[in-house]
2 protein chains.
Amino acid sequence: MKSIAEKLKEKNIRPSYQRMKIFEYLNNERNHPTADQIFRYLVKEMPTLSKATVYNTMDIFRKAGLVRVVNIEDNEARYDSEVSVHGHFKCELCGKIYDFPIDTDALSSNVLKGFKITEKDVYFRGICPECRNRNK
Amino acid sequence: MKSIAEKLKEKNIRPSYQRMKIFEYLNNERNHPTADQIFRYLVKEMPTLSKATVYNTMDIFRKAGLVRVVNIEDNEARYDSEVSVHGHFKCELCGKIYDFPIDTDALSSNVLKGFKITEKDVYFRGICPECRNRNK
DNA sequence: ATATGTGCAAACTGTTTGCAGCCGC
DNA sequence: GCGGCTGCAAACAGTTTGCACATAT
């Protein structure tokens, strides 16, 4: 089991304390947090933490392929430590975001022949089973 | 062929001059414009037009199902007068946004059984054929 | 006359930037 | 000591809001 520091070094990211804590948080809480959520959680144990550092770090992680940015909400970005191709479902009632697998081949129909596709985002919205049952 | 005024009335939207011009623009220029593009174009012939009116109008249109909001860019929203389910591809080089059909059944796999899906957004990014050829 | 729509400016929010100081190699 | 990282504050952009005035029925 690799240490966090090693994982960051592999990507040529200097493992500062802040970066390691942010990375640790992302991999423990897999709730697609916003930058603000990450900040508010970590500032409790690191009172001098700055939001700019969170943004900087997320950008570095994104460029290194350690996180995916989830823009399922129009106003603010969320971060996903699961970087493989998959879809996101947001429940309009409870706000929870679910991951789900997608058949990426079925999607990229032959209509996009000639296009080089480097990024695929699939966002669904609706009501999750829990909320549907609750309102019955 | 219905007049624009009639189309708006059908949706219980009072056909003010501004709203008709905005609706007309959306259906003529099918370039997935931003609010700012709509504003900058129309302010030329309507110097007193306000950006707030553009935003208000787009919100009314969206609620009435006349436009779809395209959030393929993280910073600003785009509007699509084509409201049927389809995907969007953005070329990272020329910035152009292409529509493409999606097999919506292939997408909603049985993994999302129990979920009520009301909205589907599919965003791809990459390089379009034109740009690929240009750089050869 | 009353409802609704418009336009202006100010507020708001998420994000980015510049820069001074700090830390680690 | 040097390069890189952090934290603060200010700047920034897109969007929303409050309100007075204009407009349409």
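Each chain gets a letter, A, B and so on, in the order the sequences are listed, and its residues count up from 1.
When all heavy atoms are compared, the tightest approach of Asp74(A) to Asn71(B) is CB-ND2, 3.7 Å.
At dG7(C), one or more side-chain N or O atoms of Gln18(B) fall inside 4.0 Å of OP1 or OP2 (strictly under the cut-off).
Under the salt bridge (Lys or Arg N to Asp or Glu O under 4.0 Å) criterion, Asp59(B) pairs with Arg62(B), Lys63(B), sequence neighbours left out.
Counting to the nearest Å, the P atom of dT23(D) and the OH atom of Tyr17(B) are 14 Å from each other. Between Arg19(A) atom CZ and dG4(D) atom P the separation is 11 Å, expressed in whole Å. Atoms CG (Asp36(A)) and C1' (dC12(C)) sit 14 Å apart, rounded to a whole Å. At whole-Å resolution of the value, CG in Leu8(A) and C1' in dG4(D) are 15 Å apart. Nucleotide dT15(C) holds its P atom 9 Å from the CG atom of Asp74(B), rounded to whole Å. One atom, NZ of Lys21(B), and another, P of dG7(C), lie 14 Å apart when rounded to the nearest Å. Straight-line distance from the CZ atom of Phe39(B) to the P atom of dT15(D): 13 Å, rounded to whole Å. In this structure, Arg14(A) atom CZ and dG3(D) atom P are separated by 11 Å, rounded to whole Å.
With respect to Asp80(A) and Arg30(A), no salt bridge is recorded, no charged nitrogen being found less than 4.0 Å from a carboxylate O. Using a 4.0 Å cut-off between charged nitrogen and carboxylate oxygen, Lys21(B) and Glu24(B) count as a salt-bridge pair.
A heavy atom lying under 4.0 Å from DNA chain C marks the following residues of residues 49-73 of chain B, by number: Leu49(B), Ser50(B), Ala52(B), Thr53(B).
Between dG3(D), dT15(D), dG5(C), one nucleotide has an atom nearer to the side chain of Ser16(B) than all others, and that is dG5(C).
A side-chain N or O of His32(B) and one of Asp99(B) form a donor-acceptor pair less than 3.5 Å apart.
Below 30°, between 30° and 60°, or above 60°: for Phe115(A) and Tyr98(B) the angle between ring planes is above 60°, a perpendicular geometry. The aromatic rings of Tyr123(A) and Tyr123(B) stand perpendicular to each other, their planes meeting at an angle above 60°, with 30° marking the opposite boundary.
Base pairing of dA3(C): no nucleotide in any strand meets the Watson-Crick or G-U wobble criterion (both distances under 3.5 Å).
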